[in-house]
Amino acid sequence: MAVQARGEPRTGGDTHVGDVDLAAVGALLADAGRCKVLLALGDRRALPASRLAAEAGVTPATASSHLAKLVAGGLLLVERHGRHRFYRLSGPKVGRLIEVLAELAPAQPVRSLRQGSRAQALRDARTCYDHLAGRLGVAVMAGMLDRGYLCGGDGTFDPGRAFRDRLNALGSDVDYRLTGAGRGCMSDLGVRLGSAPPVIRYCIDWSEQHHHLSGMVGRQLLDRLVELDWVRRSDASRAVQVTGSGRGGLASTFGITWPPAADP
């Protein structure tokens, strides 16, 4: 049964709906293979079923079953390109769901050097659907605050005010605003913001427990950093890599020293 948004009319003309059915989403997420599929698609990529089967460590037949359930449940979209099908997250809400669940979920044990390297890469710099996250994402937002490009908050997640600083990407709990200097910085970088004052959104970074920039500004900034070749997306995961020119650009623009200092 497809996951239905609250307030959305049911099919067949029945406009009477009850409370949200969290169990419907929970049932889709109650399988490690399906969760691996969602994580693999967490950077807006569209991937074929064969690649997702490899990511989930399951057979093609099992992957096909998982994908069908995720599409029926509204978490994935399928696109046809000739004889091939490519799958992607159905939208930013699913990306936010993954990040929120990552905040609540326990860490998986690391049993190999490869797993440890991959986990470290994700903590350092990754995408959160369509914007930067991890240490890099947090450092960019902190740099914007330090240099007066943003105002209205300090980038810190306060769990003591959980009803105001919620684990979401709506950004309405802390009133961040882009300053005149911030608009100038974005313009100098070539970030396309439009003429209207942008609404600043943020996420609470699950690995760093600080805010990182999301919403339209976060999306446009990531796209521009990719265009400038300051960061490069990974073919194998949500991790992104900072290039040599990116290290210089991030230092001069946001005061970021990269790579970050090792954990003590």
Side-chain angles (χ1 to χ4, degrees), residues 36-47 51-52 54-55 86-89 91-92 94-103 107-108 110 113-144 149-150 155 169 185-186 189-192 201-263:
K36 288 179 180 178
V37 165
L38 294 173
L39 287 169
L41 296 171
D43 59 357
R44 284 195 298 172
R45 288 182 297 172
L47 295 176
R51 173 68 179 277
L52 293 170
E55 289 283 342
F86 287 75
Y87 296 83
R88 67 168 68 248
L89 298 187
V94 184
R96 294 200 295 268
L97 173 65
I98 293 171
E99 287 292 306
V100 171
L101 290 175
E103 166 66 25
Q108 293 183 354
V110 173
L113 179 60
R114 182 185 177 199
Q115 284 182 321
S117 298
R118 181 167 177 167
Q120 185 62 53
L122 287 172
R123 287 193 296 269
D124 281 345
R126 64 179 182 274
T127 54
C128 173
Y129 188 65
D130 60 2
H131 53 272
L132 283 173
R135 289 181 173 181
L136 181 59
V138 167
V140 167
M141 189 158 188
M144 293 180 72
Y149 301 156
L150 286 176
C185 172
M186 295 296 102
L189 274 178
V191 177
R192 295 173 287 274
R201 308 295 191 187
Y202 70 93
C203 289
I204 298 165
D205 197 275
W206 65 262
S207 60
E208 298 302 299
Q209 291 294 289
H210 283 73
H211 298 162
H212 66 242
L213 190 65
S214 65
M216 183 269 285
V217 178
R219 179 179 68 252
Q220 297 284 44
L221 178 58
L222 172 59
D223 288 347
R224 183 56 180 156
L225 295 183
V226 171
E227 289 176 359
L228 292 170
D229 196 36
W230 288 12
V231 301
R232 293 176 185 169
R233 299 178 185 271
S234 169
D235 291 333
S237 74
R238 293 173 293 143
V240 298
Q241 179 184 8
V242 178
T243 66
S245 60
R247 286 193 289 272
L250 291 170
S252 62
T253 306
F254 302 112
I256 295 172
T257 299
W258 198 264
D263 291 328

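What you are looking at is a predicted structure, and each value in this text was computed from that prediction instead of being measured. Here, residue 1 is the first one in the sequence, and each next residue gets the next number.
- The nearest pair of heavy atoms linking Glu208 to His210 is O-ND1, 2.9 Å.
- Residues Val138 and His211 fail the side-chain proximity criterion, which asks for heavy atoms closer than 4.5 Å.
- No side-chain heavy atom of Arg201 sits less than 4.5 Å from a side-chain heavy atom of Arg219.
- One finds no salt bridge joining Glu99 and Arg96 here, because no Lys/Arg side-chain nitrogen approaches an Asp/Glu carboxylate oxygen to under 4.0 Å.
- Between the NZ atom of Lys36 and the CG atom of Leu39 there is a distance of 9.5 Å, given to the nearest 0.5 Å.
- Closest approach of Met216 to Arg192, counting heavy atoms only: SD-O, 4.3 Å.
- Distance CG/Leu213 to OH/Tyr149: 14.0 Å, rounded to 0.5 Å.
- For the atom pair SG (Cys128) and CG (Asp43), the distance works out to 11.0 Å, reported to the nearest 0.5 Å.
- Residue Leu122 holds its CG atom at 9.0 Å from OG1 of Thr127, rounded to the nearest 0.5 Å.
- With respect to Arg126, the side chain to side chain donor-acceptor pair (under 3.5 Å) criterion is satisfied by exactly one of Ser207, Ser237, Ser234: Ser207.
- A salt bridge links Glu55 to Arg118: at least one charged side-chain nitrogen sits closer than 4.0 Å to a carboxylate oxygen.
- Contact annotation: the side chain of Asp124 approaches that of Trp258 to within less than 4.5 Å [non-hydrogen atoms, C-beta and beyond].
- Side chains of Leu52 and Leu41 form a contact here, defined as non-hydrogen atoms less than 4.5 Å apart.
- Within the 4.5 Å cutoff, side-chain heavy atoms of Leu189 are placed close to those of Trp230.
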